[in-house]
Engineer: 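Before I ask anything, here is the structure I am working with.
In each ligand, atom 1 is the first atom listed, and ligand 1 is the first ligand listed. What's counted below: heavy atoms across the whole structure, side chains too, no hydrogens, waters or symmetry copies.
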Amino acid sequence: MNESDPHDHQLRVSKIRNGTVIDHVAGGQALNVLAILGIDGAGGESVSIGMNVPSDRLGKKDIVKVEDRELSQSEVDVLSLIAPEATINIVREFEVVDKLRVERPERVVGVLSCPNRNCISNANEPVDSKFDVVDDGVRCVYCGAIVREDIADHLSVA
Ligand code: CTP
Ligand code: ZN
């Protein structure tokens, strides 16, 4: 059913001409999606957000539409950690030309920062942060620190 209301069939968020629609995001995670994409409004991007809109599949979902922007693989990898059910729709001239499911990566490199201040990845050394994706979160490859919740708070890109 997407973001249309089954009773009045009205779109809550209008269609976009070109860009990316991140659909089926867990309810309440839209602002974290924006953080992962590094969008805070200052860059001037056109962004539409629906939060906690009705969804057949998820009950409630968030949806984020970013115009004139396609996502990098590392952005998609991190998205999968907070929005494992997300669908990424690439839109060109109003048509969905590609629809991707996010996949949980085995490792994320360079996008999260380690919560352990003594970790080598925080020592101003030329070392990329590296986290293995484990069942209950992500684990720093260098020091073993685990981030379980609020992964978006540990973004080094935000
Ligand atoms: N969408 C949009 N602008 C467009 C085309 C699509 O904002 N020009 C949005 C739709 O509103 C929808 C999502 O992109 O939220 C996916 O569109 P589409 O594939 O047409 O919908 P469904 O087939 O229902 O998607 P799914 O099967 O993934 O639920
Ligand atoms: Zn560490």
Engineer: Among Arg17, Lys99, His24, which residue places a heavy atom closest to atom 19 (O) of ligand 1?
Structural biologist: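 Among Arg17, Lys99, His24, the closest heavy atom to atom 19 (O) of ligand 1 belongs to Lys99.
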
Engineer: Do you see a donor-acceptor pair shorter than 3.5 Å between the side chains of Ser113 and His154?
Structural biologist: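 The answer is no; no qualifying pair exists.
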
Engineer: Taking the basic N atoms (NZ, or NE/NH1/NH2) and the acidic carboxylate oxygens, is any pair closer than 4.0 Å for Glu67 and Arg17?
Structural biologist: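 The answer is no: the pair does not qualify as a salt bridge.
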
Engineer: Whether Glu85 and Arg101 form a salt bridge (side-chain N of Lys/Arg under 4.0 Å from carboxylate O of Asp/Glu) is what I want to check.
Structural biologist: yes

Engineer: Enumerate the atoms of ligand 1 whose separation from the nearest heavy atom of Asp23 is less than 4.0 angstrom.
Structural biologist: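 Numbered from 1, ligand 1 contributes 12 (C), 13 (C), 15 (O).
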
Engineer: Answer yes or no: does an N/O atom from Lys61 fall short of 3.5 Å to an N/O atom of ligand 1?
Structural biologist: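 By distance alone, the answer is no.
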
Engineer: Give the atom numbers and elements of ligand 1 that come within less than 4.0 Å of a heavy atom of Ile16.
Structural biologist: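 Matching atoms, with element in brackets: 2 (C), 3 (N), 4 (C), 7 (O), 8 (N).
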
Engineer: Looking at Ile63, which atoms of ligand 1 are within less than 4.0 Å of one of its heavy atoms?
Structural biologist: 15 (O)

Engineer: Does Arg92 come within less than 4.0 Å of Glu70, counting only side-chain N to carboxylate O?
Structural biologist: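 Glu70 and Arg92: salt-bridged.
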
Engineer: When Val138 is tested against each of Asp132, Val78, Leu112 for side chain to side chain contact (heavy atoms under 4.5 Å, CB included), which residue passes?
Structural biologist: Leu112

Engineer: Taking the Zn ion (ligand 2) as the vertex, what is the angle from SG of Cys140 to SG of Cys119, given to 10 degrees?
Structural biologist: 110°

Engineer: In terms of atom number and element, which parts of ligand 1 are under 4.0 angstrom from non-hydrogen atoms of Val91?
Structural biologist: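 In order of numbering, the contacting atoms are 4 (C), 8 (N).
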
Engineer: Tell me, yes or no, whether the heavy-atom count around Glu95 atom CD, taken from other residues, nucleotides or ligands under 6.0 Å, exceeds 12.
Structural biologist: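 Open.
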
